[in-house]
Colleague: 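Let me give you the structure first, and then I'll get to my questions.
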Number of protein chains: 2
Amino acid sequence: MKYTTSMNIEIAKEERLAQIFSALGEPNRIKIIKILRDSKRELTCSEISNLLQIAPSTVSYHFKALRKAGLTKTRQEAQTKYLSLNKKTFKKYLPGFLDSL
Amino acid sequence: MKYTTSMNIEIAKEERLAQIFSALGEPNRIKIIKILRDSKRELTCSEISNLLQIAPSTVSYHFKALRKAGLTKTRQEAQTKYLSLNKKTFKKYLPGFLDSL
DNA sequence: TTGCTATTTCTATAATTATCGAAATAATAC
DNA sequence: GTATTATTTCGATAATTATAGAAATAGCAA
């Protein structure tokens with residue numbers, strides 16, 4: 001069985017929230033979220049790498065943290081992974097935030 | 001002149017948000033916020049220390065981070081400092097969050 | 001003054017983080 | 001097959017974090 005955040009395996013709500021806030025507690029991550037919100041399409045690791053001028057490996061690291069926190073989703077097509085927001089999580093834990101960003 | 005967060009000294013919005021999220025990215029800090037939200041009165045360092053069973057110096061450290069992020073306010077009375085939420089910040093950067101907590 | 005209480009600062013430490021470059025993985029194109 | 005492209009993992013590192021205990025600060029009470 002694949003792990004999904006909605007399975008909620010005994011994580012206290014404070015832990016879950018802390019995980020989400022930690023994932024967002026870095027300026028580049030906020031920028032990624034903002035870019036995704038404003039973009040009409042999904043974005044890739046290398047696109048973000050170019051936009052933010054940080055190494056692909058660093059972007060991959062941020063992507064992983066955001067995904068682990070349930071804030072983003074990934075769609076794979078060949079070698080390329082397309083990132084988009086997981087709006088459900090924002091709605092559930094940070095209602096109104098995306099609009100205020 | 002005393003520094004206040006509302007002075008907003010050239011901090012990009014992403015930096016400001018990252019500061020807030022960092023401050024909230026730790027379970028004990030979330031608990032402190034929750035306790036303050038539910039409490040009818042202000043709370044002190046030693047009260048939180050007892051409630052959460054962590055050292056006063058650690059609580060003081062968390063208090064400082066929350067205050068620096070503009071999430072709490074402090075009222076001093078003799079040696080005692082009373083903490084309460086700074087709802088303005090929550091409203092501005094995390095609308096709806098306190099209610100969903 | 002001496003002692004008690006509340007908080008902060010200091011010192012130390014173990015853990016985590018953000019970052020990069022290099023190597024590994026994997027799909028595509030020739 | 002080789003070469004190219006996209007991403008991830010690994011190794012290293014410098015910075016930050018959460019924690020506690022000890023010492024410092026400061027008000028209050030006998």
Side-chain angles (χ1 to χ4, degrees), chain A residues 2-3 11-12 14-33 35-36 39 41-69 71-84, chain B residues 2-3 11-12 14-33 35-36 39 41-69 71-84:
Chain A
K2 208 171 130 202
Y3 174 84
I11 300 176
E14 304 87 43
E15 307 278 347
R16 181 74 184 94
L17 277 167
Q19 180 192 35
I20 288 171
F21 286 127
S22 284
L24 293 172
E26 206 280 325
N28 281 323
R29 303 239 180 102
I30 301 281
K31 286 179 193 167
I32 292 171
I33 297 296
I35 290 169
L36 286 170
S39 170
R41 51 190 192 73
E42 305 154 302
L43 289 170
T44 69
C45 192
S46 41
E47 283 177 311
I48 299 283
S49 173
N50 285 323
L51 282 170
L52 300 186
Q53 287 295 296
I54 51 182
S57 58
T58 303
V59 176
S60 178
Y61 171 74
H62 290 320
F63 274 21
K64 195 176 185 178
L66 292 170
R67 187 169 17 86
K68 259 183 98 174
L71 294 166
T72 56
K73 286 180 296 188
T74 282
R75 182 177 63 85
Q76 180 155 9
E77 194 175 300
Q79 327 93 303
T80 308
K81 279 185 178 167
Y82 294 93
L83 211 78
S84 60
Chain B
K2 209 171 130 203
Y3 173 85
I11 301 177
E14 303 88 42
E15 307 279 346
R16 181 74 184 93
L17 277 167
Q19 180 191 35
I20 288 171
F21 285 127
S22 285
L24 293 172
E26 207 280 324
N28 281 324
R29 304 239 180 102
I30 300 282
K31 287 179 192 166
I32 292 172
I33 297 297
I35 290 168
L36 286 170
S39 171
R41 53 190 190 73
E42 304 154 303
L43 289 170
T44 68
C45 192
S46 42
E47 283 177 311
I48 299 283
S49 173
N50 285 324
L51 283 171
L52 300 186
Q53 288 295 295
I54 51 183
S57 58
T58 303
V59 176
S60 179
Y61 170 75
H62 290 319
F63 274 20
K64 195 177 185 176
L66 292 171
R67 187 169 16 85
K68 261 183 97 176
L71 294 166
T72 56
K73 286 181 295 188
T74 282
R75 183 177 61 86
Q76 180 153 10
E77 195 175 299
Q79 329 93 301
T80 307
K81 279 186 179 167
Y82 294 94
L83 211 77
S84 60

Colleague: To the nearest Å, give me how far apart CG (B:L52) and C1' (D:dT19) are.
Modeller: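 My rounded result for the distance is 14 Å.
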Colleague: May I have the distance from A:R67 (atom CZ) to D:dT9 (atom C1'), rounded to whole angstrom?
Modeller: 13 Å
Colleague: Give the rounded distance in Å between these two atoms: CG of B:N50 and P of C:dA6.
Modeller: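 To the nearest whole Å, that distance equals 9 Å.
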Colleague: For DNA chain D, determine which residues of residues 41-48 of chain A have any heavy atom closer than 4.0 angstrom to one of its atoms, and list them numerically.
Modeller: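 Going residue by residue through residues 41-48 of chain A, the ones with a heavy atom under 4.0 Å of DNA chain D turn out to be A:T44, A:C45, A:S46.
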Colleague: Tell me if a side-chain donor or acceptor on A:R29 pairs with a main-chain N or O of A:F63 at a distance below 3.5 Å.
Modeller: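 No, A:R29 side chain to A:F63 backbone: no donor-acceptor pair under 3.5 Å.
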Colleague: What pairs of donor and acceptor atoms, side-chain ones from residues 77-84 of chain A against any protein atom, are under 3.5 angstrom apart with sequence neighbours left out?
Modeller:
{"residue": "A:E77", "atom": "OE1", "partner": "A:R75", "partner atom": "NH1", "Å": "2.7"}

Colleague: Using the test salt bridge (Lys or Arg N to Asp or Glu O under 4.0 Å), find all partners of B:E26 that sit at least two apart in sequence or belong to another chain.
Modeller: none
Colleague: Over how many whole Å does the gap from B:R75 atom CZ to D:dG27 atom P extend?
Modeller: 16 Å
Colleague: With distance as the sole test, does A:S22 use its side chain to make a donor-acceptor pair with the main-chain N or O of A:A18 at under 3.5 Å?
Modeller: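 Yes: the side chain of A:S22 pairs with the backbone of A:A18.
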Colleague: To the nearest 0.5 Å, what is the distance between CD on B:E14 and CZ on B:F21?
Modeller: 12.0 Å
Colleague: Specify the separation, in whole Å, of atom CG of B:L66 and atom C1' of C:dT7.
Modeller: 16 Å
Colleague: Measure from OH on B:Y82 to C1' on C:dA6 and round the result to the nearest Å.
Modeller: 10 Å
Colleague: Looking only at atom types and distance, does a side-chain atom of A:R67 sit under 3.5 Å from a main-chain N or O of A:H62, one as donor and one as acceptor?
Modeller: no
Colleague: Separation of B:E77 atom CD from C:dT5 atom C1', in whole Å?
Modeller: 14 Å
Colleague: Do any side-chain nitrogens or oxygens of B:K81 fall under 4.0 Å of OP1 or OP2 in C:dT8?
Modeller: yes
Colleague: Hey, could you give me the CG/CG distance between B:L66 and B:L36, rounded to the nearest 0.5 Å?
Modeller: 8.5 Å
Colleague: Expressed as a whole number of angstroms, how long is the span from A:K64:NZ to D:dC10:C1'?
Modeller: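 About 11 Å, once rounded to whole Å.
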Colleague: Kindly state each residue pair satisfying salt bridge (charged side-chain N to carboxylate O under 4.0 Å, His left out) with at least one member in residues 50-60 of chain B, sequence neighbours excluded.
Modeller: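 Listed by first then second residue: nothing to list.
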Colleague: Which side-chain N or O atoms in residues 45-54 of chain B pair as donor and acceptor under 3.5 Å with protein atoms at least two apart or in another chain?
Modeller:
{"residue": "B:S46", "atom": "OG", "partner": "B:T44", "partner atom": "OG1", "Å": "3.4"}
{"residue": "B:E47", "atom": "OE1", "partner": "B:T44", "partner atom": "N", "Å": "2.9"}
{"residue": "B:E47", "atom": "OE1", "partner": "B:T44", "partner atom": "OG1", "Å": "3.4"}
{"residue": "B:E47", "atom": "OE2", "partner": "B:R41", "partner atom": "NH1", "Å": "3.2"}
{"residue": "B:E47", "atom": "OE2", "partner": "B:R41", "partner atom": "NH2", "Å": "2.8"}
{"residue": "B:S49", "atom": "OG", "partner": "B:I54", "partner atom": "O", "Å": "2.7"}
{"residue": "B:N50", "atom": "ND2", "partner": "B:S46", "partner atom": "O", "Å": "3.2"}
{"residue": "B:Q53", "atom": "NE2", "partner": "B:N50", "partner atom": "O", "Å": "3.0"}

Colleague: What string of B, S and - do you get for nucleotides 16-30 of chain C, 5' to 3', when a contact is any protein heavy atom under 4.0 Å?
Modeller: -SBBBBB----BS--
